[in-house]
Structure formats: structure tokens, C-alpha cells
Amino acid sequence: MTPKILIIGAGELGLSLIRSLTSHPAHPSVSVLLRASSSTDLSTYPIKVVHGDISSTAEELTPLLEGYDIVISATGFAGGPNSQLNLAHAVLEAGVPHYFPWQFGVDYDLIGRGSSQPLFDEQLDVRDLLRSQDKTKWTIVSTGLFTSFLFHPSFGVVDLDSSTGKATVNALGGWSNGITVTSAEDIGRITSKIVLDNPDIPQGVVYIASDTIKFEDVSKEVERVGWKVDRKIITVEELEVRRKRDPEDVGPKYALIWARNIGVSWDVGVTWNGKRGIEVESLREWVDRNLPRP
Ligand SMILES: NC(=O)c1ccc[n+]([C@@H]2O[C@H](COP(=O)([O-])OP(=O)(O)OC[C@H]3O[C@@H](n4cnc5c(N)ncnc54)[C@H](OP(=O)(O)O)[C@@H]3O)[C@@H](O)[C@H]2O)c1
């Protein structure tokens, strides 16, 4: 029987999941939960839209989640503090058989509580809740950084100035620090395989990766496509000063996670996709396809 799947959110990750799941030969039934105010147009996809808001109470969310075999959250941290934990409570209350929480990111277990990014503690609260029960099966897909986010100005690693053709590449912590990246397209494709290619969906934390590189590789890639690169190291100490100066600024909170170099990289060879020889998009291929030229 084909599963009934609910995807929550249709942003960068949600759209990639929608594309991969709806084009999979298993032809699952796919619904997508969007806020009633959302301007996202999904009319070209063979999906059903349902309306809801993950910042509502667990009691309000529960009935929206009933009747699905698999729920996948693709909202990012968009719902604000407590929304991921709230959603996990609603999923359990609704008796969803299998849940993929929004944990498409770094190794929160290894990073631990009390990190520079307080939202990460909530990810651990969700893990504790899921681990404390055995009614709802769950799978966390650990992806590292979205490849696109590595080049996003707000991440503070790559800064392109098209008026001069100059780029600054900042190494967080040091040039040899590792970064695992997975493109949104690969996350969608591999997650669809995890969900639909196996009679028994793997449970627990599943690591995937498009590529694992070092900050020095990022600077070489930017240079390779024609930018004149200025290289800087931003140290943990520097980021701590910035964080104390402006506690509301999320930039240094995120950057510190990579500068500390714990739980942010793993070998592609040990990943779910690596072990199965699934083709993925390397950093070089992503740069060729997406990075603007000077
Ligand atoms: N590991 C990483 O590197 C990482 C992790 C997360 C995000 N990011 C980066 O951050 C950006 C966000 O990516 P994303 O796909 O996670 O998120 P996104 O593109 O911002 O999409 C979020 C989705 O959630 C919906 N949403 C927001 N608030 C909601 C609510 N209260 N209730 C229900 N739905 C809600 C949005 O719908 P509306 O149309 O209603 O707004 C949207 O469809 C990307 O650029 C990504 O690269 C990176």
C-alpha cells in the first residue's frame, strides 16, 4: 500500500521533498501543510494542500496530523521557539506511525546542550521526547549545512562583491576545519529514498552528505570560478566577543558552532547515501551550477 505522507512547509527543503516524493515511482499520496496566509503556489504539483500553523498549540495541531502514515517537518526554525517541541507532542498525540522531525542539520547530540545556538537545545528536547516513547517510529536525517547556506551572506563565510569582482572567504575557526554540506536537492532525493525505497524505513539518526570539505576548499572553489579572493580566519574568541556585544544577532551564534568544529562534519563514505553509492552533488558541481561569476 502506498503511504499517506504529510510534508509541513514548502520552502527550500519542503519544495525539494515535494518534487522528489511526487516523482518517485512508488507514487505516494502527498499532502502539504501551509499557513493559510502562505503565498506559495503548489498548483503544478500532484499534492493536496492543508492549512495550519505550527506555532498553534499542540491541541490545535493534533487533528491536522491524524490519518497520515508519515509526517515530515520542513519548516526550519520558522515557527519560533518551542514550535518544534510543540509539533513533536502533537505528532505523538495524533498517533502518527512515523515522524521525520525538522532536524535536517548538524549533529545536535554531539554538540550537546548549552551551545551558542539556544534553538539547538530544543532539537535535543525533541530527541529526548521521541526517545522516551515507542509508539511513533522516528527518523532524523542529519545533513550538515545546506550547501546554499554556505554561500548565504548571513552565514558570514563567503562575501561576493560583484562591483569589484572581489570575494572575501572567512574560515570559521581555521582553514582545515571540516564542513559537511548537502544540497536541498540531494536532501529531497535521499530522504525520498529513505522513506520509499525500503520496506522498513531506517530509524534513529541517519547521516547523509553531498560532500565534506574544509574551509580552504571553499576559498579555492570561489577562486576557481574567477573571483579574486581575500582570505581571513575568524577565531572562536572573536566570535565570542561579537556574540556578547550583540546577543540578538544570530550570525555569531551559528558561526561559533562551525568554528568549534564539533558535530559539523562526517565522512561521505560512512553516510546512508555513501554506503549505497548514491550519486550526489559535490561542492564543485554545486558551485558550477549556482555560484554567480564576477
Ligand atoms: N542546516 C542548514 O544549513 C540549514 C538549516 C535550515 C535552514 N537553512 C537555510 O535557511 C533557509 C530556510 O530553509 P528551509 O527550507 O528550512 O525553510 P524556508 O525556505 O524558510 O521554508 C520554511 C517553510 O515553512 C513554512 N512556515 C513558516 N512558518 C510556519 C508556521 N508557523 N507554520 C507552518 N508553516 C510555516 C513557510 O511557509 P510560508 O509560505 O507560510 O512562509 C515555508 O514554506 C534556507 O535558505 C536554508 O539554506 C539551513
Side-chain angles (χ1 to χ4, degrees), residues 6-20 30-43 45 47 49-58 60-61 64-65 71-88 90-91 100-108 110-111 115 117 119-120 122-123 140-158 172 178-188 190-191 205 207-213 218 250-251 253-255 257-258 263-266 281 283 286 290-291:
L6 176 70
I7 302 171
I8 305 177
E12 186 178 12
L13 176 59
L15 273 177
S16 170
L17 285 164
I18 291 168
R19 288 192 194 105
S20 301
V30 178
S31 298
V32 180
L33 186 142
L34 291 176
R35 285 183 287 190
S37 60
S38 175
S39 55
T40 307
D41 178 8
L42 298 176
S43 58
Y45 297 100
I47 54 113
V49 171
V50 293
H51 286 135
D53 189 323
I54 61 154
S55 45
S56 347
T57 62
E60 287 167 322
L61 282 169
L64 297 174
L65 307 173
V71 171
I72 307 176
S73 173
T75 56
F77 288 119
N82 269 325
S83 59
Q84 298 305 327
L85 190 57
N86 229 11
L87 181 58
V91 163
F100 285 68
W102 189 85
Q103 303 238 351
F104 299 88
V106 292
D107 189 334
Y108 301 109
L110 210 55
I111 292 167
S115 75
Q117 178 48 281
L119 284 171
F120 287 10
E122 190 180 329
Q123 300 293 67
I140 284 169
V141 182
S142 278
T143 62
L145 194 66
F146 289 18
T147 315
S148 57
F149 205 55
L150 178 59
F151 296 92
H152 200 281
S154 67
F155 190 50
V157 169
V158 178
L172 303 178
I179 324 156
T180 287
V181 289
T182 312
S183 67
E185 292 78 8
D186 280 347
I187 301 175
I190 298 167
T191 304
V205 182
Y207 294 83
I208 69 167
S210 292
D211 209 346
T212 292
I213 35 106
V218 181
V250 292
K253 291 185 194 175
Y254 264 105
I257 300 288
W258 276 266
V264 293
S265 69
W266 42 87
E281 183 173 45
L283 180 72
W286 191 95
N290 297 289
L291 199 71

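Atoms within a ligand are numbered from 1 in the order they appear, just like the ligands themselves.
Side-chain contact check for Leu145 versus Val264: every heavy-atom pair is 4.5 Å or farther apart. The side-chain heavy atoms of Val218 and Ile179, taken from C-beta on, include a pair separated by under 4.5 Å.
Among protein heavy atoms, atom 18 (P) of ligand 1 sits closest to Gly11 CA, 3.8 Å. Protein heavy atom closest to atom 39 (O) of ligand 1, with residue, atom name and distance, is Ser38 OG, 2.7 Å. Scanning the protein heavy atoms around atom 31 (N) of ligand 1, the nearest turns out to be Asp53 OD1, 2.8 Å. Among protein heavy atoms, the minimum distance from atom 11 (C) of ligand 1 is reached at Glu12 OE1, 4.3 Å. Among all protein heavy atoms, the one lying closest to atom 40 (O) of ligand 1 is Arg35 NE, 3.0 Å. Ranking the protein heavy atoms by distance from atom 32 (N) of ligand 1 puts Ile54 N, 2.9 Å first. Of the protein's heavy atoms, Gly9 CA, 4.1 Å lies nearest to atom 25 (C) of ligand 1.
Under 4.0 Å from ligand 1, heavy atoms of Leu145 appear from its side chain as well as its backbone. Only the backbone of Phe104 comes within 4.0 Å of ligand 1, counting heavy atoms alone; no side-chain atom from C-beta on gets that close.
With atom 8 (N) of ligand 1 as the reference point, the heavy atom nearest to it among Phe146, Phe155, Phe151, Tyr254 is part of Phe146. One option in Phe149, Trp102, Phe77 has a heavy atom closer to atom 7 (C) of ligand 1 than any other, and that option is Trp102.
Classification of the Tyr254-Phe120 ring pair by plane angle, with boundaries at 30° and 60°, yields perpendicular.
Protein heavy atoms are absent from the 4.0 Å sphere centred on atom 20 (O) of ligand 1. Within a 4.0 Å radius of atom 46 (C) of ligand 1, the protein has at least one heavy atom.
Of all heavy-atom pairs between Leu17 and Ala74, the closest is CD1-CB, 4.0 Å. Heavy atoms only, all atoms of each residue included: Thr182 and Ala209 are closest at OG1-CA, 3.3 Å.
The shortest N or O to N or O distance between Ser39 and ligand 1 is not under 3.5 Å. Not a single N or O atom of Gly52, backbone or side chain, sits closer than 3.5 Å to an N or O atom of ligand 1. Looking at Leu13 next to ligand 1, an N or O pair under 3.5 Å apart turns up. Considering both main-chain and side-chain atoms, His152 never comes within under 3.5 Å of ligand 1 through any nitrogen or oxygen pair.
With 3.5 Å as the limit, one finds a donor-acceptor pair spanning the side chains of Gln84 and Thr75. A donor-acceptor contact closer than 3.5 angstrom links the side chains of Ser148 and Glu12.
Once rounded to the nearest 0.5 Å, the distance linking CZ of Phe77 with CD of Gln123 reads 4.0 Å. To the nearest 0.5 Å, the span separating CD1 on Ile7 from CG on Leu13 amounts to 8.5 Å.
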side-chain contact (heavy atoms from CB on, under 4.5 Å) assessment of Leu42 paired with Leu34: CA-CA 10 Å; Leu42 298 176; Leu34 291 176; 3.9 Å; yes

Ile8 vs Leu65, side-chain contact (heavy atoms from CB on, under 4.5 Å): CA-CA, chis, key distance, verdict: CA-CA 10 Å; Ile8 305 177; Leu65 307 173; 4.2 Å; yes

Phe104 vs Ile72, side-chain contact (heavy atoms from CB on, under 4.5 Å): CA-CA, chis, key distance, verdict: CA-CA 11 Å; Phe104 299 88; Ile72 307 176; 4.0 Å; yes

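Checking side-chain atoms of Ser16 against main-chain N and O of Ala184 turns up a donor-acceptor pair under 3.5 Å.
Set against the non-hydrogen atoms of Thr40, the atoms of ligand 1 under 4.0 Å away are 39 (O). The ligand atoms of ligand 1 that sit less than 4.0 angstrom from a heavy atom of Ala78 are 27 (C), 28 (N). When each atom of ligand 1 is checked for a heavy atom of Gly105 under 4.0 Å away, the hits are 1 (N). Those atoms of ligand 1 that come under 4.0 Å of a heavy atom in Ser148, given as number and element, are 47 (O). Short contacts between ligand 1 and Gly76, defined as distances under 4.0 Å to a heavy atom of the residue, involve ligand atoms 16 (O). Below 4.0 Å from some heavy atom of Ser55 lie the following atoms of ligand 1, by number and element: 31 (N).
The shortest separation from a heavy atom of Gly144 to ligand 1 is under 4.0 Å, placing the residue in contact.
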